[in-house]
Amino acid sequence: MNFNLENITRENVKGLSPYSSARDEYISDGSEMVFLDANENPFENGVNRYPDPQQRSLKHVLARTKGVDTNQILLGNGSDEVLDLLFRAFCEPNVDNIVTLPPTYGMYKVLSGINSIENREVLLLENFQPDLNAVKNAIDERTKIIFICSPNNPSGNSISSKVIDELLDSFSGLIIIDEAYIDFSPNQSWVTKLDKYPNLVVTQTLSKAYGMAGIRLGICYASNGIISILNKIKPPYNINELTQQKALERLEKISQIQQEITNILEERSKLIEELEGLTFISKIYQSDANFVLVKVDDATKRYNQLLKKGIVTRNRTAQPLCENTLRFTIGTKDENQKLMTVLKSLL
Ligand SMILES: *Cc1c(COP(=O)(O)O)cnc(C)c1O
């Protein structure tokens with residue numbers, strides 16, 4: 001593998017130095033200071049000051065729990081901002097391309113369109129694993145990123161670690177592993193492999209297992225070199241004060257989060273067991289996430305029937321390899337029972 005960060009960084013980005021904000025130039029050591037540097041309103045209301053542009057406290061907690069350095073972390077306004085920054089740092093519009101593996105998370109394609117980057121789609125195989133040879137054939141010298149979603153949305157399965165290892169070893173661009181659902185999975189996070197693979201980028205989020213979709217906090221783990229480049233182009237205050245505070249509070253309650261995950265996994269098992277008894281469901285796909293994909297007789301008909309009874313699910317029938325599938329998020333015990341009651345009434 002001949003990965004070289006310099007080679008894959010966009011020319012204009014190489015020359016940039018990060019915007020230096022008032023809060024970057026003076027870093028508080030905790031002593032009482034008079035802040036007359038950022039043109040803020042001095043009357044305290046909890047949010048009258050700019051937030052920490054480097055989110056030091058939050059990164060400190062994340063670094064400790066994940067076993068990485070704080071300089072291997074970049075935070076974004078949701079993973080969506082993190083993914084967009086990766087495009088803008090490494091993909092030259094109208095020149096470079098990326099590889100995605102549908103059926104998968106829709107944002108990779110959306111962001112490739114926004115950034116004017118060709119999206120080379122290599123369909124997963126019937127078992128929702130990558131077709132390694134087809135991926136290798138799709139790659140050329142202008143391929144900058146391969147997006148791998150594991151566990152994959154909407155199928156729910158984890159992507160074979162053997163395939164990922166092989167790509168990390170052979171591809172000279174970045175492999176981005178989207179681990180939005182990793183906390184529901186029995187598999188180890190790829191964050192533990194950052195020191196082994198210089199071209200590995202792992203994204204996670206507080207939106208799913210951590211129960212904080214509303215605060216918008218996405219996390220990127222990568223080498224210090226990659227993170228430094230992303231830091232050059234991120235908006236200075238992209239993580240607002242309320243988000244930083246809420247995230248810190250939540251991260252202190254790891255045992256509660258763990259309990260919720262355990263509960264969701266138990267509910268997933270129960271739901272799958274009950275779904276197996278429904279004649280119009282022909283397949284329930286194996287899931288390492290907080291949702292299950294099921295194949296039904298007529299997805300659009302079933303989707304509308306559920307909707308009429310007040311239950312909103314995701315109709316994935318238009319996605320490749322997902323004809324007549326619905327995706328059910330695992331809810332509370334109550335919500336899952338409602339889903340089952342309605343589904344049984346449709347028999
Ligand atoms: C839900 C989800 C995300 C979350 O994105 P945020 O912007 O952090 O809320 C990222 N990737 C995948 C695959 C998802 O399903």
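Values below: every heavy atom of this structure, side chains too, minus hydrogens, waters and symmetry copies. Numbering of ligands and ligand atoms starts at 1, following listing order. Predicted model only: the values in this text are computed from it and were never measured.
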Is the Lys NZ or Arg CZ of R49 less than 6.0 Å from the centre of F35's six-membered ring, within 45° of the axis?
no

Which of the ligand 1 atoms, numbered from 1, are nearer than 4.0 Å to a heavy atom of [X]:
X    : result
N153 : 15 (O)
G78  : 7 (O), 8 (O)
C149 : 13 (C)
A180 : 2 (C), 3 (C), 10 (C), 11 (N), 12 (C), 14 (C)

Any idea which protein heavy atom is nearest [atom], and the distance to it?
atom                    : answer
atom 15 (O) of ligand 1 : Y181 OH, 2.6 Å
atom 5 (O) of ligand 1  : S79 OG, 3.3 Å
atom 3 (C) of ligand 1  : K208 NZ, 3.3 Å
atom 11 (N) of ligand 1 : D178 OD2, 2.7 Å

Straight-line distance of M340 CE to K344 NZ, nearest 0.5 Å
4.5 Å

Salt bridge or not between [X] and [Y]? Use side-chain N to carboxylate O under 4.0 Å.
X    : Y    : answer
R302 : D297 : yes
K338 : E335 : no
K144 : E92  : no
R250 : E260 : yes

In terms of the angle between their ring planes, are F147 and Y108 parallel, tilted or perpendicular, with boundaries placed at 30° and 60°?
parallel

Checking contacts here: is it the side chain or the backbone of S207 that comes within 4.0 Å of ligand 1, counting heavy atoms only? Could be both or neither.
side chain

Checking contacts here: is it the side chain or the backbone of R216 that comes within 4.0 Å of ligand 1, counting heavy atoms only? Could be both or neither.
side chain

Can you find a non-hydrogen atom of A213 under 4.0 Å from ligand 1?
no

Is Q188 atom CD crowded by more than 12 heavy atoms from other residues, nucleotides or ligands, each under 6.0 Å away?
no

